[in-house]
Amino acid sequence: MNRTDREAILFNSNVGGGSYDIWLYHVLTGRTMKLTQNLGEEYSIPYWSPDLQHIAFIGKNNTVMVLNLNSRTWAQIDQIEPYTLLSWSPDSHYLTYVKDHRIVIYNIYTHISGSIVQYGVTDVQWFPSGEAFLYAAPDEAGITQLYKINRDGMNKQQLTRNTEGPLHNVRISPNGEFALYTSPGASISLITTVNLSTGVSTQLQGGPQAKNYFPEWSPDSTTVAYSATDIVNNQYVSFIQTDSRAGGQQKTWAVSTCFSTPLSWSPDGKRLAYLSGCSNQERADEIWVIDLDHPNHPTKIVEAKWITSLAWSPQFDEHDSYKLYLNQVYKVSFYYPQNWRKVTEERFEGWDGFFQISAISSEEELHAVCRAEAFHVLQPYGTNPRIFPALVQAQEACFIFPSEDQPVEMRNQAALIVKYPTPVVIQGSTYSYFILWADQDHLISLVKTLTFI
């Protein structure tokens, strides 16, 4: 699918008066589709994974749900407070959130989690490098500041010198260089942007009532969109406004009939989606889109009672941070992180992972080959590895994931074994199986792009 095919808007609605669930509006066709069944709540907010393969939200019983959009299968991850911010890692492998003064880092493929203890932590988010987190927490004086910390819990840095009240709705910019937040509370809500390298902050003008909600960065990190509450003809409305991150370029684009509305940018940064259709201060029942190049004609795209949140699919380039690996000897190709460097023709390594390939010559069935590899006498996957059958390129395959007692020097090694479509001859010997070793955090993404040549 190309970018236009993939473009979609998720929204949370109890269409027909039933339970709240996550729905999808396909931008190209205009069709809507129900993705979940009796899993949502009024407070559910959907979050796209960067690769557009999964969504996450907090649903029934305050449970964190992850839905695979390809298989339509879902997993229950944890129970946390409603409205807790969920943040995907840049490689879409990890979901991160706050629970009990901890930054939880959950691998959606291995279902293994780790945590970093930080008292009072809120609004944890990944930096685009995938190496660190941004979050808010009180300093020693009890004043909320922004911090950066490595994903391993090391090298904590205070980024702001805030001297006043709490910070809310912290959001890192897509380029990782800026952040925004609202303060001091709900009745008065002002938006401030901050340069994360210098700590210099700028308060945006906002609306006439100082009630500015749901601020969102544009995809290019230059502009902030937000909902500004005002009173028109004795009725609350919200102006759909934008401003430069440095302020001074405020524009009003549209008016929603709701007291306030969440906003979402299109992937190209040229359109904004927002909620409207509130009557007598009830909840919204419409989604509207405004084209910033043609602002005189906002368009209603969805009408459904009631709608509480929405999220446009993010920018997506399948291989923008990957390079193609092609090996004519082993007859395979796949994409790998571009920061990894060649060690040998069959092995590449980076600070965050590695891969190595080979082939297996065996007349045994696949399950026997997989067990022989998983339970090798040297225990490269620990004493209790897990084997999962799979299909890769329509070929029988298996994944091998290590147990917790795997030797540290194996660098979190996991493996894929897949039967060649046609046996491969290498240096005069015939091989029936291809094997790919990689750290388990990258194995799935490598396999997704695997092709036999």
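We number each residue from 1, following the sequence as shown. Since we're looking at a predicted model, the values are computed, not measured.
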> At their closest point, which heavy atom of G120 faces which heavy atom of P138, and how far apart are they?
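In terms of heavy atoms, the two residues are closest at O-CD, 3.7 Å.
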
> Okay, side chain of D123, backbone of R171: is any donor-acceptor separation there less than 3.5 Å?
no

> Does K270 NZ have over 12 foreign heavy atoms under 6.0 Å away?
no

> So, the side chain of S44 versus the backbone of I58: is there a donor-acceptor pair under 3.5 Å, distance only?
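Checking the backbone N and O of I58 against the side chain of S44, a donor-acceptor pair under 3.5 Å is found.
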
> Distance to the ring centre below 6.0 angstrom and angle to the axis at most 45 degrees; does that hold for K156 and Y147?
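Flagged: K156 positioned over aromatic ring of Y147.
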
> Does E81 have any side-chain hydrogen bond (donor to acceptor under 3.5 Å, both in side chains) partners at least two apart in sequence or in another chain, and if so, which?
none

> Any cation-pi pair here, K148 with F127, using under 6.0 Å and within 45°?
yes

> Nearest heavy-atom pair of W88 and I55: which atoms, and what distance?
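The pair with the smallest heavy-atom distance is CZ2-C, 4.0 Å.
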
> Which residue, F355, W340, F354, forms the ring pair (Phe, Tyr, Trp, His ring centres under 6.0 Å) with H442?
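Single ring pair (Phe, Tyr, Trp, His ring centres under 6.0 Å) partner of H442 among F355, W340, F354: W340.
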
> Could you tell me which non-hydrogen atom of P50 sits nearest to which non-hydrogen atom of S92, and how far apart they are?
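Smallest interatomic distance, heavy atoms only, reads CD-OG, 3.1 Å.
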
> Considering all heavy atoms of both residues, which atom of S361 and which atom of Y431 are nearest to each other, and what is their separation?
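The answer is N-CD2, 3.4 Å.
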
> Answer yes when E177 and R245 have at least one side-chain N-carboxylate O distance shorter than 4.0 Å, and no when they do not.
no

> For P46 and F57, work out which heavy atoms get closest and say how close.
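Scanning both residues, the minimum pair turns out to be CA-CB, 4.1 Å.
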
